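Quick note on labels: first sequence line is chain A, next is B, and so on, each numbered from 1. Remember, predicted model here, so these are calculated numbers, not experimental data.
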Amino acid sequence: MESWRAQPAVFWAFVLPGALWLLLFFIAPLALIWLLAFGERVGPVEIDITWTLANYAGVFDPVYIGLFGRSLWVATVATVLTLVIGLPVALAISFAPARLKPLILLLIILPFWTNILIRTYAMIAVLRSRGFVNFGLEYIWQLGTAVLAPFGLDEAVMGARFVPLELLYNNTAVIFGIVYVYLPFMVLPLYATLDRLDRSLLEASLDLGAGQVRTFFSIIVPLARPGIVSGIILVFIPALGTFLISDLLGGTDSLLIGNVIERQFKAANNWPLGAAMSFVLLYVTFAILAIRAWVAGREGGLGKA
Amino acid sequence: MARREPIGPLDYTRRLWLRLWLVAVCIFLYAPIVILVVFSFNDSKRNIVWQGFTTDYYVKAAENASLIEAFANSLVIALVSTVISTVVGALMALALWRFRFPGKPGLDGAVALPIVIPEICMGVALLVFFNRVGLSSAFAYPFSLLPIIIGHVAFSFPFVCVVVRARMAGFDRSLEEASKDLGASEWQTFWNITVPFMKPGLIAGGLLAMTLSLDDFVITFFTAGPGTLTFPVQVYSMVRFGATPEVNAASTILIVVTVILTVIALRLQRPEKEAAKLA
Amino acid sequence: MTETPAQTPIVTFENVTKSFGRTKAVDGVSLAIPRNAFFALLGPSGCGKTTLLRMLGGFEHPTSGRVLIDGEDMADVPPNRRQVNMVFQSYAVFPHMTVAENVAYGLKVTSVPRAEIGPRVEEAIAMVRLDGMAARKPDQLSGGQRQRVALARALVKRPKLLLLDEPLSALDKKLREEMQLELVRLQTEVGITFIIVTHDQEEALGMASDIAVMKEGRILQIAPPRQLYEHPTRRFVAEFIGASNSFECEVLGIEGGMARVRAPLLGELKVERAAADVRAGTLIVRPEKMRMDFSSPDPDPGEVLVRAVIDQIAYFGDLSIVYLTAEDGRRLQCSRYNVNRIDKGDPPPGTPCTIGIHPEDLLLVGD
């Protein structure tokens, strides 16, 4: 690595396009809504920056606090589920024979090449009361009834008629949708760390008498922690801010913070409140990232001390 | 015939439960998409149970002028933003990889931010920004796509930067020194040594940028001006009206186009892999 | 287990073959390793020695044949149920655990009473001379120290068998020599059978009580170090272990342990046969067993003389190797200890000289 002074012209040519783009089209817009959060509406579109804290106070209205709580809850459950589903998948890929590896990996990433809206939309046909999960359940119900009918047990065990499960337009549907959409985000970082894991460490653990389960929890999980943390963050943050998935799959009682923010900007046209909410969401994100950095730093420090 | 070889202690992929798990996950990932594609051929307005095969809805989608326009716009956005993101991201990666300069940790962190912050925050920020700057309604087509392209570049060039930088981390700088030692100029060295090494990273980064652009809904939703038709937004409003086979047909077309583009991009990447193997 | 355990070998391979796809990594190996041996599997890379070792650890299964440890068939015993421990080539010291935690790991996972763990860990750490480092993490240790952790971690389990996979290959020369002595000391101290895999002949000769030389999945010869060097049965063994000069020859007749042969340059002579089944092959002689005379040919009685010209002399400090071309164009090498500190001056390339070889230093080996 050399000092930028060695070749200032080259340095600026490399750094300027990205830095300017970032400044103009990322930092400046964020700064703008940061300002808006301290503003008051004085007309249909005019907003005065009066440094009021009323918008932030508005965010802490019990209704919105409840919404934040639900968003955190939904995102947490969805993240845990993706981790539980994704870890064995990542394990299977990283231990697959070399020629199968890219193929399975591609299989997991491929759905990610479909627009998120389409994937979310596809969930509707699966989950709705006349959707495929319920069709499957109904088929099982019919089978069960047919088998039990000769014994006269059909009504007692299976019920008089099939009642479809209400799978769509509730929190479960939203969680299901998040897991579906963001699973690749969990599998990829997990795979990346597991693939780098020295196989002989696992062999050493087995060799020293630990069983597979013990080896998994004592060796694989601690050593895959960077990947697990990355995966959690990559799923948790977008899940926390999602509005499309809850918009299409959620019901009236499963509004998330993302939906409310969207409404402030699109329908309700209360930009200052929406801006304050966005920044609360951002501060939560920064807090999560700071905790990660702090934990990583502490562990790194211990290792070196 | 010898007995089947027992499963080795680390042959996790040969264990039955893990295979079943993998199969179950693949069904989970693909079944909804497959159903969506199949039901785009369903001869039923309500599209709940299979009524019979038809391609009517593709004809209908093809005759839907606004859908076609939206589709074309989305492809233009994807291609233009991919090219810009790849160049800007790669240059940034080179800067961060090669130079020491004051404020580097700050820039490093700032570049990573668009990757980690919730999309909706960036979406509303861009909405307000373009609204205030007046960019969203100032231009006629095709420049009305500009805000969307700008937004797409802003969130995808950092991904390119990460990918290219990871690639450059494996670059042996003595190769550059060897090149200069053999008489090449700075520019010749960059063009003949550094760029070829960077190429797989560029392709992977470009592919990622294109994927992100085609996958995006949120940023497009917030940055598209009232008169600008884009595919996700168009489909979104159709979905809000109800799940019709036409939506399935339109989605299927986008899926097919995305897969084709990706296969082309992967094909482009393959010769590189062969070269890497030789090297 | 049965009658006299001391008599049964600790490890038995019975006609073991291991194929990976089409290639046979191990090809019909039968081998018995005696109790308390320091046994070395020696061969070039890809000869199947590591595969044999990993079969003992339970990480590979034989495609056919049986592997027995202490008389017990190991086919269905997973690695964690074997009383066998391994020192991995990469050491595989767990990076997220301290030295003490690494050493204690194998005891904890097999429910050794808590009260027993502490003292045993301490003892093991002391045994490999890592006292005072128990609380360190692996990234604060040198390569040699990490290897000692791997050793302690395996020995603390008191296994029947300790497997060492190229244990010294990552160390520099000085440290390697030190660890060789250390390993021999440990082996006598703990009285456990050590099986070491190595491609380095000096390592094997310096440490092992018995050595098996392998090539392309087969065992060529099993012998104690001295016998292996002085009585190689095959040309490959002779050339893999130490250096040797070879002369292709025609066998004229067999007389018990001896053979009458005719070889170019050497003429007709009577030499020892390396093994009973050697009926044709090559004559070999070690470089240090050839007498070199720069000046007057002054033959010992019974010596065969070969005329040659010096090509090059490589100086290694304790000894020099002289590379020569014989009358018929054959390349030979000859080593001499530099016993005098005062340089008497090496003859320049091109100097003619005479080489004396005693027929008893020649050996007829199989090809």
Side-chain angles (χ1 to χ4, degrees), chain A residues 83 87 90-91 94-101 103 189-190 192-232 292-305, chain C residues 20-21 50 53-54 56-60 77-98 101-112 124 135-141 146 149-159 161-166:
Chain A
L83 180 61
L87 198 49
L91 203 65
S94 55
F95 283 88
R99 82 203 139 75
L100 283 181
K101 242 187 231 185
L103 207 73
L190 286 178
T193 34
L194 286 178
D195 201 45
R196 277 200 304 264
L197 197 67
D198 183 357
R199 298 290 179 267
S200 60
L201 291 172
L202 309 188
E203 290 182 340
S205 171
L206 294 173
D207 185 73
L208 292 167
Q212 295 282 4
V213 175
R214 181 76 192 227
T215 300
F216 180 79
F217 285 105
S218 301
I219 309 295
I220 297 185
V221 169
L223 291 177
R225 198 150 77 191
I228 294 176
V229 171
S230 300
I232 286 177
R292 185 206 6 201
W294 181 70
V295 170
R298 213 182 45 161
E299 278 175 3
L302 265 184
K304 272 170 224 147
Chain C
F20 294 105
T50 299
L53 196 76
R54 289 172 60 81
L56 291 175
F59 302 112
E60 309 281 0
V77 187
N80 48 324
R81 303 229 181 280
R82 296 185 181 203
Q83 282 187 49
V84 170
N85 289 107
M86 183 146 166
V87 174
F88 290 82
Q89 185 170 13
S90 64
Y91 312 145
V93 174
F94 303 130
H96 58 301
M97 299 183 191
T98 63
E101 283 166 348
N102 261 286
V103 177
Y105 182 82
L107 301 178
K108 272 191 199 150
V109 296
T110 39
S111 53
V112 170
R136 293 213 188 165
K137 282 275 185 89
D139 58 0
Q140 298 162 275
L141 300 177
R146 251 178 293 194
V149 176
L151 261 171
R153 187 175 72 176
L155 288 174
V156 78
K157 299 267 300 177
R158 298 175 186 154
L161 204 57
L162 182 76
L163 311 175
L164 302 113
D165 186 6
E166 301 268 7

key: Interatomic spacing from OG in A:S218 to CE in C:M97 - rounded to 0.5 Å   = 5.5 Å
remark   = Distance col, row C:R153:CZ vs A:L208:CG, nearest 0.5 angstrom, shows 5.0 Å
note = In short, salt bridge (Lys or Arg N to Asp or Glu O under 4.0 Å) pairs touching residues 202-213 of chain A with sequence neighbours left out are A:E203-C:R54
Test side-chain contact (heavy atoms from CB on, under 4.5 Å) applied to A:D198 and C:F88, step by step = CA-CA 11 Å; A:D198 183 357; C:F88 290 82; over 6 Å; no
ask   = How long is the span from the OH atom in C:Y91 to the CG atom in A:L201, to the nearest 0.5 Å?
value = 14.0 Å
query = Do you know which of A:S205, A:P222, A:G211 has the most heavy-atom pairs with chain C at a distance under 4.5 angstrom?
reply = A:S205
remark   = When the 4.5 angstrom heavy-atom criterion is applied to A:L223 and chain C, the contacting part is side chain
key: C:F94, part contacting chain A, at a heavy-atom distance under 4.5 Å   = both
Atom CZ of C:R81 with >12 non-hydrogen neighbours under 6.0 angstrom = no
ask   = Taking it one step at a time, do C:R82 and A:L206 satisfy side-chain contact (heavy atoms from CB on, under 4.5 Å)?
value = CA-CA 10 Å; C:R82 296 185 181 203; A:L206 294 173; over 6 Å; no
key: Engaged part of C:V93 at the chain A interface, taking heavy atoms whose separation is under 4.5 Å   = backbone
ask   = Highest number of heavy-atom pairs under 4.5 Å with chain C: which of A:L202, A:I219, A:T215?
value = A:I219
message = So which residue, C:G106, C:G58, C:A92, C:P95, ends up with the most heavy-atom pairs under 4.5 Å with chain A?
response = C:A92
request  = State, with a plain yes or no, whether a side-chain heavy atom of A:R214 is found less than 4.5 Å away from one of C:T110.
outcome  = no
